[in-house]
Amino acid sequence: MNDDVQLLLRKRNYKFAFEQLLIRYEKKVFGMALAFLKDVTRAEEVTQDIFLKLWQALPDYDERAAPGTWLYRIARNTCLSALRTEQYRQTVPLESAPEPATHLWSGDLELAQCITRLPDMQRTVITLFYLESKRVDEVARMLGIPDGTVKSHLYRARLALGEMMK
Amino acid sequence: MNRTMNCDDIQQAIPDLMDDPAVRDHLLGCESCWRFAEYHVALDARLIRAMSAPSISPGFRDALRSKLPPHTPQNSWPDFLPDFAHLAGCAVAVAFLLFLLPHHLGAVMTGGSCFTVATYFFQAVVRNAFEPDL
């Protein structure tokens, strides 16, 4: 898949390369945005921004990383930047702020509430891990961190969840 | 997996490496790890059940495609061209000065080298400033 896209990019066939990446990564990138931003509408807006940035950057693709890894880097930077903007704009007093959305864990409210109480990185890692069918390597690629760091965040997140639900 | 794993190693491997023979052997002989494993396997199953895959709006792709601006024509010049042009320009300037000032060889060579290095870094900074921020 990555090879196909690389070939299309080499031939400067940006439209087809973009379509391939959109089909393959749209849901993953949306899940990533949702894990970071915790809001469906905002996550969808940010996903659009990510793919727009990807489209604009396609002519500059230099093959140093696989197209998917490159897209994840754009996605991660855009999500973090959106998150910083949200935090900066956050002027609502803490007690009246709405509960963080739990859309991704809607099957179990108690668990969803415990997950929202985890530190940001642990929450993001555990969410992406279960979203990505328990693939440590894919989560590591999405977040740009080593596999071992993903495993360690997962371990700590599970321990914390265990404590919270005792 | 190492056969001499201690309880910490085992608990870090649970529930993702439950099928590993070393983990299974340890669990059979260690009650606290067995209880830890039971709880975490159940938690893992609960997390799997609770996760609902996100669904993106049906009109997402069409809305995105309508926003895509056309690409500006690509610059067909190779990336190394500015570096090459800069070095060639500096070399020509130094050679020209050597021809004009044959009695100040050392000063021309030193000045030319310093100028080449300084302008190379200046050029790198300027190029970096124009690179798209991803």
Side-chain angles (χ1 to χ4, degrees), chain A residues 12 14-15 18-19 22-23 26-27 29-31 33-35 40-41 43-44 47-49 51-60 62 70 73-74 77-78 81 102-112 115 126-127 129-131 133-134 136 151-152 154-155 157-159 161-162 165-166, chain B residues 1 7-20 32-33 35-80 127-128 130-134:
Chain A
R12 299 191 180 181
Y14 301 127
K15 197 164 186 284
F18 180 79
E19 285 296 324
L22 181 64
I23 292 165
E26 171 193 69
K27 279 193 175 170
V29 169
F30 177 59
L34 202 47
V40 177
T41 315
E44 205 163 301
T47 307
Q48 283 231 349
D49 289 348
F51 279 101
L52 279 172
K53 279 189 182 178
L54 172 76
W55 170 254
Q56 283 161 342
L58 280 180
D60 298 322
D62 57 8
W70 184 58
R73 200 181 74 210
I74 297 175
N77 290 345
T78 311
S81 160
T102 51
H103 306 280
L104 286 166
W105 300 99
S106 53
D108 189 328
L109 195 61
E110 186 203 2
L111 190 65
I115 288 171
I126 201 162
T127 301
F129 180 70
Y130 285 95
L131 193 62
S133 312
K134 300 175 72 174
V136 169
K151 285 180 191 165
S152 129
L154 269 177
Y155 174 65
R158 283 180 182 135
L159 281 188
L161 286 176
M165 290 194 291
K166 255 180 191 167
Chain B
M1 183 67 62
C7 292
D8 276 349
D9 299 331
I10 294 294
Q11 291 183 9
Q12 292 207 29
I14 290 169
D16 304 319
L17 294 176
M18 287 293 283
D19 294 334
D20 188 281
S32 71
C33 285
R35 277 202 306 272
F36 182 92
E38 260 187 340
Y39 181 81
H40 280 270
V41 167
L43 176 64
D44 184 55
R46 194 172 164 184
L47 283 159
I48 293 169
R49 277 198 307 273
M51 168 55 74
S52 53
S55 54
I56 206 157
S57 304
F60 176 83
R61 286 187 195 170
D62 289 336
L64 176 65
R65 285 181 190 122
S66 70
K67 285 184 187 171
L68 297 178
H71 281 131
T72 47
Q74 266 291 286
N75 186 355
S76 56
W77 291 4
D79 282 348
F80 63 82
R127 285 171 76 187
N128 206 32
F130 285 99
E131 285 209 342
D133 182 23
L134 298 177

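Predicted, not measured: the structure shown is a model, and the values here were computed from it. Below, chain A is the first sequence line, B the second, and so on; all start at residue 1. Below, all heavy atoms of this structure are taken into account, side chains as well, without hydrogens, waters or symmetry copies.
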Discussion item. I'd like to verify something: which residue of A:Lys15, A:Met165, A:Glu26, A:Lys27 has the highest number of heavy-atom pairs under 4.5 Å with chain B?
Written reply: A:Glu26

Worksheet, complete the sentence: From the list A:Leu154, A:Ile23, A:Leu58, the residue making the most non-hydrogen contacts under 4.5 Å with chain B is A:Ile23

Discussion item. Please report the interatomic distance CZ(A:Phe18) to CG(B:Leu68), rounded to the nearest 0.5 Å.
Written reply: 4.5 Å

If you measure from the Lys or Arg side-chain nitrogens to the Asp or Glu carboxylate oxygens, is any gap between [X] and [Y] under 4.0 Å?
X	Y	answer
A:Lys134	B:Asp44	yes
B:Lys67	A:Asp49	no
A:Glu110	B:Arg46	yes

Worksheet item: Can you check whether A:Tyr155 reaches B:Asp16 side chain to side chain, under 4.5 Å on heavy atoms?
Response: no

Worksheet item: Under 4.5 Å between any side-chain heavy atoms of A:Arg158 and B:His40, yes or no?
Response: yes

Practice prompt. Check whether B:Ile56 gets within reach of chain A through its side chain, its backbone, both or neither, counting any heavy atom under 4.5 Å.
Written response: both

Worksheet entry | Under 4.5 Å from a heavy atom of chain A, the part of B:Tyr39 involved | side chain

Against chain B, label [X] side chain, backbone, both or neither, depending on which of its atoms sit under 4.5 Å from a heavy atom there.
X	result
A:Ser81	neither
A:Thr47	both
A:Ile126	side chain
A:Gln56	both

Discussion item. I'd like to know if the side chain of A:Glu44 and the backbone of B:Ser57 have a donor-acceptor N/O pair within less than 3.5 Å.
Written reply: yes

